[in-house]
Amino acid sequence: MFASFSELFVRRRGAARLAAATVVSGLVAAGGLAGARQASAADETARSQGGATATIAGLKTYGTAVIHGGAGDQHVSAGLFEMSVEGGGMLQTYCVDLHNPTQRDAKYHETPWSGTSLGTNKDAGKIRWILQNSYPQVNDLAALARKAGVRGVLTEQDAASGTQVAIWRYSDDVAVDALDPQAEQLADYLEKSARNLPEPRASLTLDPSAVSGRPGERLGPVTVRTNAGSATVTPPADAATSGVRIVDKQGKPVTSTTDGGQVFFEVPEDAAAGTAELTVQASTTVPVGRAFASESRSQTQILAGSSESTVSATAGATWAKQGPIPALTAAKNCAEGGVDIIASNKGDEPFTFELAGLEHTVAAGETRTVTVPLQEDQAYDFTIHGPGGFEKRFTGMLDCRIQGPETGTTTQTLSEPTPVAPGGSATDTNLAETGGSGVTPLIAGIAIGLVVIGGATLVVLRRREPAAGD
């Protein structure tokens with residue numbers, strides 16, 4: 001299957017990229033538990049989800065599509081993007097976010113459907129069926145043409161554009177056709193044949209990604225979920241001096257594991273209050289149908305093909321001898337229009353915090369989920385403080401809804417800003433032909449608006465005397 005996929009990556013390189021703005025907002029926070037090693041807070045939410053991280057390289061194999069709307073027809077490029085994976089590997093993706101631009105060199109993270117517009121799309125499973133039953137997963141184009149009833153020769157450009165058009169009909173609920181007759185015949189076949197399939201498993205996640213407890217205990221377990229045959233476990237960078245070890249249930253040191261494997265942080269009994277972080281890394285093909293989202297409002301992508309790629313995930317541990325001992329994680333929740341903060345408390349006192357103007361308490365030994373409501377396209381950057389210098393920062397942007405022209409988002413035509421011939425290849429195309437230079441002022445306006453409406457939220461936690469939960 002991936003012979004032609006690899007050839008595509010070798011043949012198609014380099015592209016002029018569409019300049020775009022990045023929305024940034026937030027409050028800068030520093031510090032942490034005394035003597036503790038802190039993770040990079042800038043992308044805490046994305047890192048905790050795990051999987052592949054990649055940079056978009058361009059729209060590589062494509063044809064032309066026509067979007068029919070109240071303002072008239074718009075011609076856009078439709079086809080396969082490529083991404084380069086951090087640590088090695090390449091991905092092919094289609095867009096599931098038609099009316100937003102692709103930002104130049106945007107970084108993407110493998111993301112659950114629940115963190116994208118797919119999470120509330122009843123037809124998301126049909127998109128996965130299309131991906132599994134069309135190009136590039138099916139690279140025998142003659143056989144694909146026969147199965148789809150395509151009359152004439154089906155080229156790679158036709159196959160890519162026809163597949164993208166079929167996906168857009170389900171992802172963006174838009175009236176769109178492929179300009180090329182063969183591509184349109186393929187799109188119609190895929191749309192009519194599609195059946196709902198379940199969301200694919202992540203390439204690599206850790207569950208949970210944060211644990212807590214007392215010194216002298218094994219903190220965990222942290223369960224590894226991966227489709228890789230094996231994964232490497234890297235202990236905390238300061239393990240030699242802190243004495244913290246990564247072990248299995250029996251207390252034996254762990255340097256590698258497999259799907260379903262459980263690892264623990266073994267903390268010395270005399271350790272001062274602190275934190276540590278482990279990393280799990282593997283090499284695998286990312287499952288077709290996994291979503292990829294960016295924190296820069298670059299259009300959401302869905303995976304169509306993967307070479308052997310590097311995937312990773314991190315998990316952190318917090319410990320203290322007494323008092324509240326919190327463990328915090330976050331996940332976007334598009335169904336609720338916000339970000340879930342999952343707080344557990346392995347201490348012997350309640351853990352009380354203020355979130356979005358409301359006070360919450362997690363009793364000793366309990367776990368609570370608090371959803372922070374956000375506006376669509378709202379950047380968030382908030383820091384949670386706890387006892388003994390504990391600090392956890394979460395950043396990102398809520399990007400859950402598709403947006404059509406009626407909301408003010410434009411779709412770039414083939415001639416804006418650079419003319420592109422139908423059926424192009426890597427040497428003559430911009431990054432994304434959906435979204436346009438006219439979107440840049442819109443993004444800048446959003447950035448200013450976020451400052452005004454308080455896109456960054458500061459969340460402060462404090463200790464108090466034991467009290468009943470709210």
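Since the structure is predicted, the reported quantities are computational estimates derived from the model, not experimental observations.
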Scan for salt bridge (charged side-chain N to carboxylate O under 4.0 Å, His left out) pairs involving residues 120-140, sequence neighbours excluded, and state none if there are none. Asp123-Lys126
Side chains of Thr371 and Glu336: do they bring a donor and an acceptor to under 3.5 Å? no
Pair Leu303-Tyr94, side-chain contact (heavy atoms from CB on, under 4.5 Å): steps then yes or no: CA-CA 7 Å; Leu303 189 74; Tyr94 287 105; over 6 Å; no
Determine, step by step, whether Ile127 and Ile302 satisfy the side-chain contact (heavy atoms from CB on, under 4.5 Å) criterion, reporting the C-alpha distance in whole Å, the side-chain angles of both residues, the deciding distance to 0.1 Å, and the verdict. CA-CA 9 Å; Ile127 296 172; Ile302 192 165; 3.8 Å; yes
Side chains of Thr395 and Tyr380: is there a donor and an acceptor less than 3.5 Å apart? no
The side chain to side chain donor-acceptor pair (under 3.5 Å) partners of Thr53 (sequence neighbours excluded) come to His109
Find out whether Thr116 and Val96 are in side-chain contact, i.e. whether some heavy atom of one side chain is under 4.5 Å from a heavy atom of the other. no
Please enumerate all residues that pass salt bridge (Lys or Arg N to Asp or Glu O under 4.0 Å) together with Glu86, with sequence neighbours excluded. Lys107
Could you check whether any side-chain N or O of Glu191 sits under 3.5 Å from a backbone N or O of Ala166, counting only pairs where one atom can act as donor and the other as acceptor? no
Check whether Trp113 reaches the backbone of Gly289 with its side chain - one donor and one acceptor, N or O, closer than 3.5 Å. yes
Where the side chain of Arg401 meets the backbone of Asp399, is there a donor-acceptor pair that is under 3.5 Å apart? no
Heavy atoms only: give me the nearest Ala272-Trp319 pair and the separation to one decimal. O-NE1, 2.7 Å
Compare every heavy atom of Leu131 with every heavy atom of Gln137, then report the nearest pair and how far apart it is. CG-O, 3.3 Å
Are the side chain of Glu277 and the backbone of Thr314 linked by a donor-acceptor contact shorter than 3.5 Å? no
Could you verify whether a donor N or O on one side chain and an acceptor N or O on the other, from Ser134 and Thr163, lie under 3.5 Å apart? yes
Qualifying salt bridge (charged side-chain N to carboxylate O under 4.0 Å, His left out) pairs, either residue in residues 204-214, two or more places apart: Arg214-Asp348
For the residue pair Pro200 and Val288, what are the closest heavy atoms and their distance? CG-O, 3.4 Å
Taking Asn121 for the side chain and Ser117 for the main chain, is one N or O donor matched with an acceptor at less than 3.5 Å? no
With sequence neighbours excluded, residues passing side chain to side chain donor-acceptor pair (under 3.5 Å) with Thr111: none
Does Asp172 reach the main-chain N or O of Val174 with its side chain, forming a donor-acceptor pair under 3.5 Å? no
Nearest heavy atoms of Ala320 and Pro215, plus distance in Å: O-CD, 3.2 Å
Does atom NZ of Lys147 have more than 12 heavy-atom neighbours from other groups under 6.0 Å away? no
Got a donor-acceptor contact below 3.5 angstrom from the Gln164 side chain to the Leu80 backbone? no
Closest approach of Ala343 to Leu328 (non-hydrogen atoms, all atoms of both residues): CB-CD2, 3.3 Å
List the steps, then state whether side-chain contact (heavy atoms from CB on, under 4.5 Å) holds for Ile56 with Tyr108. CA-CA 7 Å; Ile56 199 159; Tyr108 283 78; 3.9 Å; yes
Between Ser294 and Ser296, do the side chains contain a donor N or O and an acceptor N or O under 3.5 Å apart? yes
Looking at Lys332 and Glu295, is there a salt bridge between them, counting it only when a charged N and a carboxylate O are closer than 4.0 Å? yes
Verdict with supporting geometry, Ser77 and Tyr62, side-chain contact (heavy atoms from CB on, under 4.5 Å): CA-CA 6 Å; Ser77 291; Tyr62 64 95; 3.6 Å; yes
Report the residues that fulfil side chain to side chain contact (heavy atoms under 4.5 Å, CB included) with Ala364, sequence neighbours left out, ordered by chain and then residue number. Asn345
Qualifying residue, where the test is side-chain contact (heavy atoms from CB on, under 4.5 Å) with Pro208 and the options are Thr205, Leu206, Val211: Val211
Taking only residues two or more places apart in sequence or in another chain, which ones pass side chain to side chain contact (heavy atoms under 4.5 Å, CB included) with Ser84? Thr55, Met90
Which residue pairs pass the side-chain hydrogen bond (donor to acceptor under 3.5 Å, both in side chains) test when at least one of the two sits in residues 222-236, sequence neighbours left out? Thr223-Gln262, Asn227-Thr284
Test your reading of the model: is there a side-chain donor-acceptor pair from Ser312 to the backbone of Gln281, 3.5 Å cut-off? no
Heavy atoms from other residues, nucleotides or ligands near CG of Asp173 exceed 12 (cutoff 6.0 Å): no
Between Glu391 and Thr383, is there a side-chain heavy-atom distance shorter than 4.5 Å? yes
What donor-acceptor contacts under 3.5 angstrom involve side-chain atoms of residues 244-256, with partners at least two apart or in another chain?
residue	atom	partner	partner atom	Å
Arg245	NE	Glu266	OE1	2.9
Arg245	NH2	Gly251	O	3.1
Arg245	NH2	Glu266	OE1	2.7
Asp248	OD1	Gln250	N	3.0
Asp248	OD1	Gly251	N	3.0
Asp248	OD1	Lys252	N	2.8

Apply the test salt bridge (charged side-chain N to carboxylate O under 4.0 Å, His left out) to residues Arg290 and Glu199: give CA-CA distance (whole Å), side-chain angles for both, the deciding distance (0.1 Å), then the verdict. CA-CA 8 Å; Arg290 290 295 292 169; Glu199 180 178 2; 3.4 Å; yes
Would you say the side chain of Ser193 lies within less than 4.5 Å of the side chain of Trp129, judging by non-hydrogen atoms? yes
Is any NZ, NE, NH1 or NH2 atom of the basic residue among Arg297 and Asp97 found under 4.0 Å from an Asp or Glu carboxylate oxygen of the other? yes
If we only count heavy atoms from C-beta on, is the Thr258 to Val224 side-chain gap below 4.5 Å? no
Check whether any side-chain heavy atom of Val370 lies under 4.5 Å from a side-chain heavy atom of Asp340, and answer yes or no. no
Could you tell me the separation between the OG1 atom of Thr318 and the CG atom of Leu219, rounded to the nearest 0.5 Å? 8.5 Å
Which heavy atom of Thr257 sits nearest to which heavy atom of Val233, and what is that distance? CG2-CG2, 3.9 Å
Any donor and acceptor pair, going by atom type alone, linking the side chain of Ser203 with main-chain N or O of Val286 inside 3.5 Å? no
Does Ser309 have any side chain to side chain donor-acceptor pair (under 3.5 Å) partners at least two apart in sequence or in another chain, and if so, which? none
Residues forming a side chain to side chain donor-acceptor pair (under 3.5 Å) with Ser283, sequence neighbours excluded: Glu308
Under a 4.5 Å cut-off applied to non-hydrogen side-chain atoms, are Gln299 and Phe81 in contact? yes
Residues which pass side chain to side chain contact (heavy atoms under 4.5 Å, CB included) with Ala159, listed by chain and number, not counting sequence neighbours: Tyr135, Leu141, Leu154, Leu186
Indicate whether any N or O donor in one side chain lies under 3.5 Å from an N or O acceptor in the other, for Gln301 and Thr93. yes
Working to the nearest 0.5 angstrom, can you tell me the gap between Phe265 CZ and Ser212 OG? 11.0 Å
